[in-house]
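Reviewing the structure listed below.
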Amino acid sequence: MPDAPAHAFVHEFQVPDSAIDALGHANNVEYVRWVQDVAGAHWLSICPAEFQEKIIWVVREHRIRYLQSAFAGETLRGTTWVGESSGATSLRYTRLTRAADGVLLCEAETTWVLLDPKSGRPVRVTAEMVNWLKKD
């Protein structure tokens with residue numbers, strides 16, 4: 001995974017008790033949810049309000065590497081940025097670290113597809129959108 005660029009988006013959140021599984025740490029499914037939540041928070045922070053109901057991102061593929069456990073009550077830091085965009089797809093990178101010590105818990109590469117929510121059809125990622133995604 002490439003290094004995070006200066007324009008990477010950072011979003012902190014706390015691990016809820018409901019995320020903990022029988023082994024006493026956050027279930028892997030929760031990491032998938034957090035990767036998606038961080039991406040969504042990033043998009044909402046940069047997408048102009050007038051576009052937010054006209055386009056929507058959906059996941060085509062996740063590649064996730066689980067490296068360390070997260071525990072209830074910990075504050076995690078999600079760092080995300082977009083790499084390549086082509087046609088209706090964008091590759092997004094996400095790292096989840098523990099805020100207290102910076103330990104890397106998980107890293108993910110997700111291919112997202114931009115859709116028109118009314119028709120369900122793919123929408124081309126425009127140069128304007130790429131600028132939103134990569135601005136400092």
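Taking the six-membered ring where tryptophan is involved, the planes of Trp43 and Trp57 are perpendicular, since the angle between them exceeds 60° and thus also 30°.
Side-chain contact check for Asp116 versus Val123: some heavy-atom pair is nearer than 4.5 Å. A heavy-atom distance below 4.5 Å is not found between the side chains of Asn131 and Leu133. Side-chain contact between Leu104 and Gln68: absent, with no pair of heavy atoms (C-beta onward) separated by less than 4.5 Å. Between Phe13 and Val38 there is a side-chain heavy-atom pair separated by less than 4.5 Å. The shortest side-chain heavy-atom distance between Arg121 and Leu115 does not fall under the 4.5 Å cut-off. At least one side-chain heavy atom of Val15 sits under 4.5 Å from a side-chain heavy atom of Trp34. Using a 4.5 Å heavy-atom threshold, the side chains of Glu74 and Gln14 count as separate. The shortest side-chain heavy-atom distance between Ile64 and Cys106 falls under the 4.5 Å cut-off.
Side-chain N/O atoms of Thr110 and His62 include a donor and acceptor closer than 3.5 Å.
Cluster annotation: Met129 is not connected to Leu91 through the hydrophobic network of ILVMFWY side chains, with a link wherever side-chain heavy atoms come within less than 4.5 Å. No continuous path of ILVMFWY side-chain contacts below 4.5 Å connects Val125 to Ile56, so the two sit in separate hydrophobic clusters. Note on Tyr93 and Val35: separate hydrophobic clusters, where clusters join Ile, Leu, Val, Met, Phe, Trp and Tyr whose side-chain heavy atoms are under 4.5 Å apart, directly or indirectly. At a threshold of 4.5 Å between side-chain heavy atoms, the hydrophobic network of Ile, Leu, Val, Met, Phe, Trp and Tyr places Leu96 and Val10 in two separate groups.
Centroid-to-centroid, the aromatic rings of Phe9 and Trp81 stay 6.0 Å apart or farther.
For the salt bridge (Lys or Arg N to Asp or Glu O under 4.0 Å) test, residues two or more places apart in sequence or in another chain that qualify with Arg63 are Glu109. Under the rule for a ring pair (Phe, Tyr, Trp, His ring centres under 6.0 Å), the partners of Phe51 that lie at least two apart in sequence or sit in another chain are Trp132. Residues passing the ring pair (Phe, Tyr, Trp, His ring centres under 6.0 Å) test with Trp112: none are found, sequence neighbours excluded.
Closest of all the heavy-atom pairs between Asp17 and Ala72 is OD1-CB, 3.3 Å. Pairing each heavy atom of Val82 with each of Ser90, the nearest pair is CG1-CB, 3.9 Å. Closest non-hydrogen pair, Leu105 versus Ser69, comes out as CD2-O, 3.7 Å.
Remark: Glu50 CD is packed, more than 12 non-hydrogen atoms of other residues, nucleotides or ligands lying under 6.0 Å away.
Atom CZ of residue Arg92 and atom CD of residue Glu84 lie 14.5 Å apart, to the nearest 0.5 angstrom. To the nearest 0.5 Å, atoms OG1 (Thr97) and CG (Leu76) are separated by 7.5 Å. From Arg95, atom CZ reaches atom CG of Leu67 across 10.0 Å, with rounding to the nearest 0.5 Å.
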For His11 and Arg77, run side chain to side chain donor-acceptor pair (under 3.5 Å): C-alpha distance rounded to whole Å, both residues' side-chain angles, the deciding distance at 0.1 Å, then the answer.
-> CA-CA 6 Å; His11 178 73; Arg77 181 175 296 127; over 6 Å; no
Could you walk me through whether Arg60 and Thr89 pass the side chain to side chain donor-acceptor pair (under 3.5 Å) check?
-> CA-CA 9 Å; Arg60 175 180 282 166; Thr89 65; 5.1 Å; no
